[in-house]
Amino acid sequence: MLNFFIRNSFAVVLVCFMLSACKQGAPEVQFAKNTYGYDKAFLQDYVSCIELSNGDSKVLLIPQYQGRVMTSTCNGDSGLSFGWINYDLIASQKILPHMNAFGGEERLWLGPEGGQYSIFFKADVPFEYEHWFTPKEIDTDSFAVKKKTKSEAHFTKDFTLTNRAGTNFTIGIDRKVRLLDAEEIKSRLHISLAGIHAVSYESTNTLKNTGTHPWTKEKGLLSIWMLGMMTPSPGVTIVLPIKPGDSTLLGKKINTNYFGPIPHDRMHINDSVIFFKADGKARGKLGIPPLRTKRFIGSYDGKNTCLTILECEPANTQDYVNSSWEEQQYPYGGDALNAYNDGPLEDGSQMGPFYELEASSPGAALAAGESLIHKQTTYHFWGKKEMLEDVVYQTLGVSIDQIEQAFSTK
């Protein structure tokens with residue numbers, strides 16, 4: 001009888017243990033670093049996330065970080081994560097004074113950064129790092145979630161800013177991010193996706209003058225400034241097609257007046273395209289003036305056979321705000337598109353490594369109640385080199401061999 005009781009007691013304990021284990025759930029799947037599943041799990045420990053998805057195509061957005069796209073994938077949770085994420089800063093839960101580079105492959109900022117109409121420098125301070133501060137509204141403030149579905153998220157924010165010249169702006173931001181399906185990708189780019197995995201999203205970003213006074217060039221204008229932080233590798237090359245033609249009509253091909261000259265072994269320029277090395281090992285930035293811009297810029301990662309394309313319709317104006325850190329002779333002589341490669345600073349420290357593809361709107365000369373819209377689309381493709389060849393040519397006008405050979409002898 002005693003043995004019967006002991007055997008049955010053990011059985012009851014075993015059943016209770018099994019039920020408890022089931023209640024707690026199965027062990028979580030552990031994803032490798034640099035995968036979408038790893039990044040999603042990491043971010044969910046610190047911030048609220050919104051995921052757009054269609055099969056294996058997924059996009060992760062963070063309302064707390066101004067509705068930015070932190071990362072995306074075209075191969076599900078175990079697939080490559082395309083956005084760069086600053087794990088250390090996010091995990092520290094610290095707020096830094098100048099800028100909080102949380103990462104993210106598409107974030108919304110406002111320009112200009114430098115110049116007499118800067119929104120990053122107060123009046124009468126030198127254009128030096130210790131006086132440079134990112135407005136909290138585009139750095140650490142949350143955006144309100146107005147709507148979210150499986151394929152779209154809608155964010156809003158109302159605030160005020162004052163520029164270096166003392167001009168006050170009453171601002172409304174409206175931001176929508178929509179996941180594209182395969183048929184729309186093929187239709188837009190006139191390509192086949194046979195043998196290719198793809199993810200793409202379109203963002204529509206609206207800047208509105210919600211005040212009672214007009215925004216004028218004489219007192220300073222704002223612009224929508226979109227920046228995408230991506231993960232570098234030794235095999236990444238940024239490709240920037242440009243319009244060829246007479247410099248007296250179209251202006252210079254390229255602006256490198258940011259962090260100093262870019263060495264020749266890191267940038268190649270010809271009549272219709274610029275190649276820029278994006279390995280995260282040397283700090284450099286370049287800009288394309290508005291009359292030289294074309295519809296697409298992008299990057300190709302030969303190591304992972306991944307292609308990233310940024311599509312942005314060129315605007316019919318030259319009035320782009322200038323973000324150079326100086327009192328400017330031409331405050332509306334800025335660039336429409338930019339590319340940045342991160343690298344060590346003079347003291348050896350480094351924010352990344354990452355690289356950036358950037359696009360800006362023209363300056364927003366808006367009457368009270370008027371709006372300016374900046375729309376852009378990001379595409380990521382993964383597949384064998386030969387499968388990606390047509391996509392590269394249709395968007396960037398070059399071959400993958402040309403991209404890979406740009407720095408092959410350097």
Side-chain angles (χ1 to χ4, degrees), residues 36 43 47-54 57-74 81-85 102-111 137-139 141-158 171-182 184-185 187-189 198-208 222-230 293 295-299 308-315 320 336-339 356-362 364 371-381 395:
Y36 179 86
L43 290 165
V47 290
S48 297
C49 302
I50 293 175
E51 184 178 69
L52 310 181
S53 64
N54 182 0
S57 298
K58 300 184 179 187
V59 175
L60 200 67
L61 301 105
I62 311 295
Q64 187 175 326
Y65 299 159
Q66 306 81 51
R68 78 181 65 184
V69 176
M70 287 302 288
T71 192
S72 63
T73 188
C74 59
S81 184
F82 292 116
W84 178 78
I85 295 173
F102 300 119
E105 63 173 83
E106 190 198 70
R107 78 177 190 272
L108 186 151
W109 262 19
L110 298 175
E137 292 83 3
I138 55 173
D139 186 34
D141 277 9
S142 297
F143 278 23
V145 180
K146 189 173 182 179
K147 176 185 177 182
K148 59 179 178 179
T149 67
K150 190 175 181 180
S151 61
E152 183 176 319
H154 186 180
F155 308 92
T156 60
K157 181 73 174 179
D158 295 301
I171 298 163
I173 296 287
D174 187 284
R175 171 167 163 77
K176 297 177 183 177
V177 180
R178 182 174 67 88
L179 182 66
L180 276 58
D181 62 26
E184 190 166 2
I185 295 172
S187 175
R188 282 190 177 201
L189 301 183
V199 61
S200 176
Y201 55 88
E202 173 188 81
S203 73
T204 303
N205 306 279
T206 303
L207 173 63
K208 185 175 183 179
L222 303 176
S223 70
I224 298 171
W225 185 5
M226 308 300 297
L227 305 97
M229 288 174 153
M230 312 292 180
T293 59
R295 187 176 170 186
F296 300 103
I297 60 174
S299 62
T308 295
I309 298 294
L310 177 62
E311 177 185 15
C312 183
E313 194 70 34
Y320 282 74
L337 299 172
N338 293 92
E356 289 183 328
L357 301 177
E358 307 175 12
S360 294
S361 76
S371 299
L372 176 145
I373 297 175
H374 173 87
K375 185 181 289 189
Q376 63 180 46
T377 306
T378 301
Y379 306 85
H380 298 291
F381 302 95
T395 55

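No hydrogens, no waters, no symmetry mates; every other heavy atom, side chains included, goes into these values. We count residues from 1, following the sequence as given.
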Would you name the heavy atoms of [X] and [Y] that are closest together and state the gap between them?
X    : Y    : answer
M70  : G103 : SD-O, 3.9 Å
T293 : A336 : CG2-CB, 3.7 Å
L372 : P362 : CD1-O, 3.8 Å
A359 : L310 : CB-CD2, 4.2 Å

We want to know whether [X] and [Y] form a side-chain donor-acceptor pair, criterion being a heavy-atom distance below 3.5 angstrom.
X    : Y    : answer
T378 : E105 : no
E106 : S203 : yes
Y201 : Q376 : no
Y379 : E202 : no
T71  : S81  : yes

Test side chain to side chain donor-acceptor pair (under 3.5 Å) applied to E137 - qualifying residues, sequence neighbours left out
none

Excluding sequence neighbours, so at least two apart, what forms side chain to side chain donor-acceptor pair (under 3.5 Å) with Y320?
none

Under the salt bridge (charged side-chain N to carboxylate O under 4.0 Å, His left out) criterion, do E358 and R107 qualify, and how do the steps go?
CA-CA 10 Å; E358 307 175 12; R107 78 177 190 272; over 6 Å; no

Contact between [X] and [Y] at the side-chain level, heavy atoms closer than 4.5 Å - yes or no?
X    : Y    : value
I171 : D158 : no
R188 : T377 : yes
L60  : L43  : yes
I309 : F381 : yes
I62  : C49  : yes
H154 : D174 : yes
S72  : K58  : no
V177 : V69  : yes

As an exercise, state the distance from [atom1] of [X] to [atom2] of [Y], rounded to the nearest 0.5 Å.
X    : Y    : atom1 : atom2 : value
L207 : L222 : CG    : CG    : 6.0 Å
I173 : T156 : CD1   : OG1   : 10.0 Å
I50  : K150 : CD1   : NZ    : 15.5 Å
L179 : D181 : CG    : CG    : 8.0 Å
K176 : T206 : NZ    : OG1   : 7.0 Å

Are the side chain of [X] and the backbone N or O of [Y] linked by a donor-acceptor pair below 3.5 Å?
X    : Y    : value
S200 : L180 : no
R175 : F143 : no
W84  : G104 : no
R68  : Y65  : yes
N54  : S57  : no
S361 : I224 : yes
Q66  : D141 : yes

Taking it one step at a time, do L337 and F296 satisfy side chain to side chain contact (heavy atoms under 4.5 Å, CB included)?
CA-CA 10 Å; L337 299 172; F296 300 103; over 6 Å; no

Do R178 and E184 sit within salt-bridge range, that is, some charged N less than 4.0 Å from a carboxylate O?
yes

Parallel, tilted or perpendicular: rings of W109 and W225 (30°, 60°)
perpendicular

K375 atom NZ, neighbour heavy-atom count above 12 within 6.0 Å
no

Got a sec, which residues hit salt bridge (charged side-chain N to carboxylate O under 4.0 Å, His left out) with E152, two or more places apart in sequence or on another chain?
none

Name of the residue among S360, S223, C312 meeting side-chain contact (heavy atoms from CB on, under 4.5 Å) with H374:
C312

Apply side chain to side chain contact (heavy atoms under 4.5 Å, CB included) to M230 and H380, showing your working.
CA-CA 11 Å; M230 312 292 180; H380 298 291; 4.2 Å; yes

